[in-house]
J.: 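Just dropping this structure here.
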Amino acid sequence: MKKFIAPALVAAGAASLAACSPAAQNETAQAADTVSADANATFGEAINDTDAAADRAFGSAEATMDNSAAAIGNAADDAADTTGAALKDAGNAIKN
């Protein structure tokens, strides 16, 4: 029984030492750097996409407000013209 346990312990110890070797540590650090760079790139793309969507939404809202203001201005001009014409007609009717 001891003959089977001792080699298993030696193998486990060797595996743990290999995992702590400078090469393994460098590989782990490089993998962590890669994951970090990928996460940063993904977050950067998400921020850019969000900014672009906000710009489009604000641009659309601005265009809608501009069109509404123009429509209100046109309606006010038409009302003023109609009122002026009605007043002229009333003045002419009184004069005659």
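Starting from 1, each residue takes its place in the sequence as its number. Just so you know, these numbers use all the heavy atoms, side chains as well, and skip hydrogens, waters and symmetry mates.
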J.: Looking at NZ of Lys88 and OG1 of Thr83, how far apart are the two atoms once the value is rounded to the nearest 0.5 Å?
T.: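 Atom-to-atom, Lys88:NZ and Thr83:OG1 are 12.5 Å apart.
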J.: Would you say Thr82's side chain and Asp78's backbone share a donor-acceptor pair under 3.5 angstrom?
T.: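 Such a contact is found between Thr82 side chain and Asp78 backbone.
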J.: Using a 3.5 Å cut-off and no angle test, enumerate the donor-acceptor pairs between side-chain atoms of residues 62-75 and protein atoms at least two apart in sequence or in another chain.
T.:
from	atom 1	to	atom 2	distance (Å)
Thr64	OG1	Ser60	O	3.0
Asn67	ND2	Ala63	O	3.3
Ser68	OG	Thr64	O	2.9
Asn74	ND2	Ala70	O	3.3

